[in-house]
Student: 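My structure is below; once you've seen it, I'll send some questions.
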Amino acid sequence: LTVWGAYETVPPHCWPPAERKGGLAGWRETVAMAKRHGYLFSAYHAYSPMLAHEPGYDPALGRRRADGKPDLQARWEDVCATFYRRLAAEGIDREVAAVAPNCDFTDILGVTGLNECHAPEHGMSRTRDMELRLDFFRHVRSLGLVNSTEGGMDYLVPAVDIFDGLSYWGDPRVMQTGFTAPLFNL
């Protein structure tokens, strides 16, 4: 189970728990109850969005094009992958220490294409983006969590436990050979 809106802020800042929903004590109780009933349970996490209305909005986290301008193609994947682990340390790492969830759902990182960043202080190639995403998911697993993400790309298979549907990006070859297998039917 994944819960949206558990935090005071919005992605990419995924901590602290929302006071209006019980704060840390309420979140700790909710996680414990879900685990007692045998559920894998996670708050929604996302470290790649850059939402301008978010109080912690920081354009310095963003990717840059070769001309030096912000690479704002889609707000859901504007943060440079070089910052994912730092944002996770501020979010899921703190959550694990405080409430001991048994699962993590990190949105977006498994469904979007690989990106480049030309920022002089934190640039990266697409290959480096792939390495940083793998590193991120391996880190989540090292916290003792079952990890999951939206979509799923082949290079992530060794590092991610659950994909919320594999990506096909409209490729008719995949659509002709793939099939739906709901988990309840396995």
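Quick caveat: nothing in here was measured; it's all calculated off a predicted structure.
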Student: Closer than 3.5 angstrom, by distance alone: can the side chain of Asp129 be matched with the main-chain N or O of Ala81 as a donor-acceptor pair?
Tutor: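 Judged by distance alone, no pair lies under 3.5 Å.
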Student: With Asp58, which residues qualify under side chain to side chain donor-acceptor pair (under 3.5 Å), at least two apart?
Tutor: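 By the side chain to side chain donor-acceptor pair (under 3.5 Å) rule, Asp58 matches no residue at all.
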Student: To the nearest 0.5 angstrom, please state how far the CZ atom of Phe137 sits from the CG atom of Leu156.
Tutor: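 These two atoms lie 6.0 Å from each other.
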Student: Please, which pairs that meet salt bridge (charged side-chain N to carboxylate O under 4.0 Å, His left out) have at least one residue in residues 90-109, sequence neighbours excluded?
Tutor: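 Output for this query lists Arg86-Glu90.
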Student: In Å, rounded to the nearest 0.5 Å, how long is the span from CE of Met130 to CG of Leu134?
Tutor: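 The distance works out to 6.0 Å.
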Student: Strictly by modelled atom types, are Arg133 and Thr106 linked by a side-chain donor-acceptor pair under 3.5 Å?
Tutor: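 Looking only at side-chain atoms, Thr106 and Arg133 do not form any donor-acceptor pair under 3.5 Å.
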Student: With a 6.0 Å cut-off (strictly less than), is the heavy-atom count around CD of Glu29, excluding the residue itself, greater than 12?
Tutor: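 Check fails, neighbour count at 12 or below.
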Student: Go through the structure and list residues passing ring-ring contact (aromatic ring centres under 6.0 Å, His included) with Phe136, not counting sequence neighbours.
Tutor: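 ring-ring contact (aromatic ring centres under 6.0 Å, His included) check on Phe136 returns Tyr47.
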Student: Would you confirm whether Ser42, through its side chain, and Phe105, through its main-chain N or O, come within 3.5 Å as a donor-acceptor pair?
Tutor: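 Yes: the side chain of Ser42 pairs with the backbone of Phe105.
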Student: Just to verify, what does Asp154 make a side chain to side chain donor-acceptor pair (under 3.5 Å) with, not counting sequence neighbours?
Tutor: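 Per chain and number, Asp154 pairs via side chain to side chain donor-acceptor pair (under 3.5 Å) with no residue.
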Student: Is the number of heavy atoms from other residues, nucleotides or ligands within 6.0 Å of OH (Tyr155) greater than 12?
Tutor: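 More than 12 heavy atoms, drawn from other residues, nucleotides or ligands, come within 6.0 Å of this atom.
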Student: If I take atom CG from residue Leu109 and atom CE from residue Met153, how far apart are they, to the nearest 0.5 angstrom?
Tutor: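 Reported value, rounded in 0.5 Å steps: 11.0 Å.
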Student: Got Pro70 and Arg64 here, is their nearest side-chain heavy-atom distance under 4.5 Å?
Tutor: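 Side-chain contact under 4.5 Å: yes.
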Student: Would you call Pro16 and Trp27 a side-chain contact if the rule is heavy atoms closer than 4.5 Å?
Tutor: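 SC-SC contact between Pro16 and Trp27 ruled out.
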Student: Say you draw a straight line from CD1 of Ile108 to OG1 of Thr149; how long is it, rounded to the nearest 0.5 Å?
Tutor: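 So the CD1 of Ile108 and the OG1 of Thr149 are separated by 8.5 Å.
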Student: With a 4.5 Å cut-off on side-chain heavy atoms, are Phe163 and Val157 touching?
Tutor: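 Yes. Closest side-chain heavy atoms under 4.5 Å.
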Student: Once rounded to the nearest 0.5 Å, what's the spacing between atom OG1 of Thr2 and atom CZ of Phe41?
Tutor: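 The OG1 atom of Thr2 sits 8.5 Å away from the CZ atom of Phe41.
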Student: Rounded to the nearest 0.5 Å, what separation is found between the NZ atom of Lys35 and the SG atom of Cys103?
Tutor: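 Interatomic distance, Lys35 NZ to Cys103 SG, rounded to 0.5 Å: 11.5 Å.
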Student: Enumerate donor-acceptor pairs with a distance under 3.5 Å from any side-chain N or O in residues 113-121 to protein atoms, sequence neighbours excluded.
Tutor:
| unit_1 | atom_1 | unit_2 | atom_2 | d |
| --- | --- | --- | --- | --- |
| Asn115 | ND2 | Glu77 | OE1 | 3.2 |
| Glu116 | OE1 | His118 | NE2 | 3.3 |

Student: Can you check whether Arg63 reaches Met124 side chain to side chain, under 4.5 Å on heavy atoms?
Tutor: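 Heavy-atom side-chain distance check passes, below 4.5 Å.
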Student: Is a side-chain donor or acceptor of Asn147 paired with a backbone partner of Arg138 at a separation under 3.5 angstrom?
Tutor: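 No, Asn147 side chain to Arg138 backbone: no donor-acceptor pair under 3.5 Å.
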Student: Compare all side-chain heavy atoms of Leu145 with those of Ile92 and state whether any distance is below 4.5 angstrom.
Tutor: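 Counting from C-beta outward, Leu145 and Ile92 do come under 4.5 Å.
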Student: Pro11 and Pro49: which non-hydrogen atoms are nearest, and at how many Å?
Tutor: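 Closest approach of Pro11 to Pro49, heavy atoms only: CB-CG, 3.8 Å.
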Student: Might you point out which heavy atoms bring Thr9 and Cys14 nearest each other, and give the distance in Å?
Tutor: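 Taking every non-hydrogen atom into account, OG1-N, 4.3 Å.
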Student: Taking only residues two or more places apart in sequence, or in another chain, which ones meet Arg141 in a side chain to side chain donor-acceptor pair (under 3.5 Å)?
Tutor: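 Partners of Arg141 by the side chain to side chain donor-acceptor pair (under 3.5 Å) criterion, ordered by chain and then number, come out as Asp161.
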Student: When you measure from the side chain of His122 to the backbone of Thr82, do you find a donor-acceptor pair of N or O atoms at a distance under 3.5 Å?
Tutor: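 Not at all, since once roles are kept as given, no pair shorter than 3.5 Å links the two residues.
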